[in-house]
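Atom set for the values below is all heavy atoms of this structure, side chains included, hydrogens, waters and symmetry mates excluded. Letters go in sequence order (proteins before strands), and every chain restarts at 1. Every value quoted in this text rests on a predicted model; they were computed, and no experiment measured them.
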Number of protein chains: 2
Amino acid sequence: MVRKPTSKETARKPNMREAILAAAEELFAINGFNAVSVRDIAQAAGANPGSVTYHFKTKDGLLLEIYRRHCGPMNLRRSELLAAARRVRDLQDRLEAVVRAYVVPAFTSGSDLAGGGARFTRLRAVMSAEGNEVARKIIAQTFDDTSHAFIDAIHESLPHIPRTDIVWRSHFLLGALYYSLVTPDRVSRLSRGEADGGDAASAIEQLVQATVASFQAPPLDHAAPARRRPVVSSKT
Amino acid sequence: MVRKPTSKETARKPNMREAILAAAEELFAINGFNAVSVRDIAQAAGANPGSVTYHFKTKDGLLLEIYRRHCGPMNLRRSELLAAARRVRDLQDRLEAVVRAYVVPAFTSGSDLAGGGARFTRLRAVMSAEGNEVARKIIAQTFDDTSHAFIDAIHESLPHIPRTDIVWRSHFLLGALYYSLVTPDRVSRLSRGEADGGDAASAIEQLVQATVASFQAPPLDHAAPARRRPVVSSKT
DNA sequence: TGATCTTTTGTACGATAGTACAAATCACAT
DNA sequence: ATGTGATTTGTACTATCGTACAAAAGATCA
């Protein structure tokens with residue numbers, strides 16, 4: 001008889017805890033935290049509502065565990081890719097590699113969770129929009145380090161751009177990334193079917209290319225707006 | 001003796017209907033649709049919960065009315081600015097003007113609502129993330145025309161870029177725009193206080209500049225992406 | 001097998017949700 | 001001042017929320 005697990009950390013044969021986590025992740029990512037009830041999650045997971053309470057104590061605890069599951073692997077993968085990107089000699093290529101190291105793990109999973117990267121990133125996007133408190137705390141203390149590392153790496157490739165501008169542009173990158181995962185159908189619609197907003201590979205390439213170009217844009221902090229004239233004038 | 005209003009369309013002296021709309025708009029934009037109760041809105045507006053039902057019938061009806069209030073003016077202003085931008089001769093300047101015509105009304109109000117532009121745009125961002133049904137319907141039938149007009153205008157300035165790429169990049173623009181309004185504090189935090197994410201003027205300039213550069217990036221549709229050397233450079 | 005621990009189930013409780021509706025109140029034309 | 005229609009108030013109803021908890025069921029090992 002095969003018997004590998006000790007009694008302490010085993011769950012049932014069909015792992016209910018995991019099923020609940022997966023169902024919650026999916027539902028939260030699509031509908032937001034507040035619109036999904038514990039009963040909805042339980043039903044989607046084929047579990048009893050009480051099981052959710054048993055495994056995660058509260059609804060917040062469930063969300064917290066989802067974050068714990070993904071943050072580690074994703075940031076680890078980002079660190080690896082970032083380290084590799086830093087070793088690229090050509091500054092131009094390095095910039096692209098760094099951006100790619102930031103973007104790719106958000107679309108594709110960082111570890112055992114297959115294809116869960118995009119789902120979790122979408123979850124983060126939605127929680128961010130909802131101003132979810134649990135998420136806010138985790139984000140600030142888990143992702144800011146990573147964000148700083150990327151900003152520094154980008155700054156390394158573009159020393160002549162003020163750090164402030166890089167912060168703004170990397171912020172735009174994250175916004176674009178989030179939005180691409182939240183409403184991919186809009187891309188399909190506006191392109192009249194010529195593009196598939198749900199295609200991760202396309203999204204990544206488009207995003208990386210557009211973002212690299214935006215980082216390379218000339219800085220504007222320099223208090224010298226003489227170059228361009230005020231273009232807008234239509235109001236009375 | 002002042003007598004301007006006819007009895008038919010007047011509300012109370014302190015216009016309750018407007019107060020409710022304003023309160024709802026603010027609360028929805030910050031916390032999302034589902035997290036805000038009708039009672040929350042009524043309290044914030046200094047009204048009775050029943051008044052909300054009286055004026056707007058349902059909570060969905062209230063959201064619908066908020067959209068009706070803003071969509072017209074904002075799209076009107078965008079059309080004006082877009083028309084003006086189209087008249088700019090220099091292609092480079094025209095591109096920037098077009099982008100600005102898209103961005104500016106989202107941050108600043110389009111009509112009588114003072115400063116409400118950013119709030120409403122943030123509301124749209126949050127509703128989009130939550131997958132709100134009421135919002136989805138209105139968006140598709142109200143904003144897609146505008147979006148197409150902008151995409152076409154940009155395509156005019158950049159004829160060598162495939163329309164598909166322009167759709168993606170304008171999608172990124174909207175995502176960046178939304179995200180800037182949803183979590184401006186992140187910019188302040190990551191820049192270590194050097195930038196104020198809440199400053200609309202800075203956000204607009206940064207966003208316009210970054211976006212123009214992203215639109216100008218070389219197209220990537222071209223089937224064979226070997227080792228490409230991007231042409232964009234900032235040296236003068 | 002029986003004892004013990006873990007997990008699942010079922011049910012219930014208090015809080016709060018959206019909304020309906022009658023009564024009270026107000027603004028204003030007559 | 002008075003009647004009338006537009007608003008506001010107060011309250012109540014039903015549904016659903018998150019969560020607690022005891023009992024049932026399953027697993028583990030002496």
Provide a list of protein-nucleic acid N or O atom pairs under 3.5 angstrom, restricted to nucleotides 17-19 of chain D.
unit_1  : atom_1 : unit_2   : atom_2 : d
dC17(D) : OP1    : Ser37(A) : OG     : 3.4
dG18(D) : OP1    : Lys59(A) : NZ     : 2.8
dG18(D) : OP2    : Val38(A) : N      : 2.8
dG18(D) : N7     : Arg39(A) : NH1    : 2.8
dG18(D) : O6     : Arg39(A) : NH2    : 2.9
dT19(D) : OP2    : Lys59(A) : N      : 2.7
dT19(D) : O4     : Arg39(A) : NH2    : 3.4

message: What I'd like to find out is whether the side chain of Phe107(B) reaches to under 4.5 Å of the side chain of Leu177(B), using heavy atoms alone.
response: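 Yes, close enough: below the 4.5 Å cut-off.
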
Report the distance from atom [atom1] of [X] to atom [atom2] of [N], rounded to the nearest whole Å.
X: Ile41(A); N: dT8(C); atom1: CD1; atom2: C1'; result: 17 Å
X: Asn15(B); N: dA27(C); atom1: CG; atom2: C1'; result: 14 Å
X: Gln43(B); N: dA17(C); atom1: CD; atom2: P; result: 11 Å
X: Tyr54(B); N: dT8(D); atom1: OH; atom2: P; result: 8 Å
X: Arg17(B); N: dT7(D); atom1: CZ; atom2: P; result: 9 Å
X: Phe28(B); N: dG18(C); atom1: CZ; atom2: C1'; result: 12 Å

field: All salt bridge (charged side-chain N to carboxylate O under 4.0 Å, His left out) counterparts of Asp199(B), not counting sequence neighbours
entry: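 Asp199(B) satisfies salt bridge (charged side-chain N to carboxylate O under 4.0 Å, His left out) with no other residue.
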
message: Using the salt bridge (charged side-chain N to carboxylate O under 4.0 Å, His left out) criterion, which residues pair with Arg136(B)? Sequence neighbours excluded.
response: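 Counting only residues at least two positions away or on another chain, Arg136(B) forms a salt bridge (charged side-chain N to carboxylate O under 4.0 Å, His left out) with Glu133(B).
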
message: Restricting to ring pair (Phe, Tyr, Trp, His ring centres under 6.0 Å), what partner residues turn up for Phe143(B), sequence neighbours left out?
response: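 Listed in chain order: nothing, the list is empty.
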
query: Among all residues two or more places apart in sequence or in another chain, which pass the ring pair (Phe, Tyr, Trp, His ring centres under 6.0 Å) test with Tyr67(B)?
result: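 For Tyr67(B), the residues satisfying ring pair (Phe, Tyr, Trp, His ring centres under 6.0 Å) (neighbours in sequence not counted) are Phe120(B).
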
message: So, does His55(B) get its side chain near the phosphate of dT8(D), meaning an N or O under 4.0 Å from OP1 or OP2?
response: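 Answer yes for this pair, as a side-chain N or O of His55(B) is under 4.0 Å from OP1 or OP2.
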
message: For dG10(D) and Asn48(B) - does any side-chain N or O of the residue sit under 4.0 Å from the phosphate oxygens OP1/OP2?
response: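 Yes, within the criterion.
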
field: Within residues 23-45 of chain B or reaching into it, pairs that qualify as ring pair (Phe, Tyr, Trp, His ring centres under 6.0 Å) - sequence neighbours excluded
entry: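 Of all non-adjacent pairs touching residues 23-45 of chain B, those that pass ring pair (Phe, Tyr, Trp, His ring centres under 6.0 Å) are Phe28(B)-Phe33(B).
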
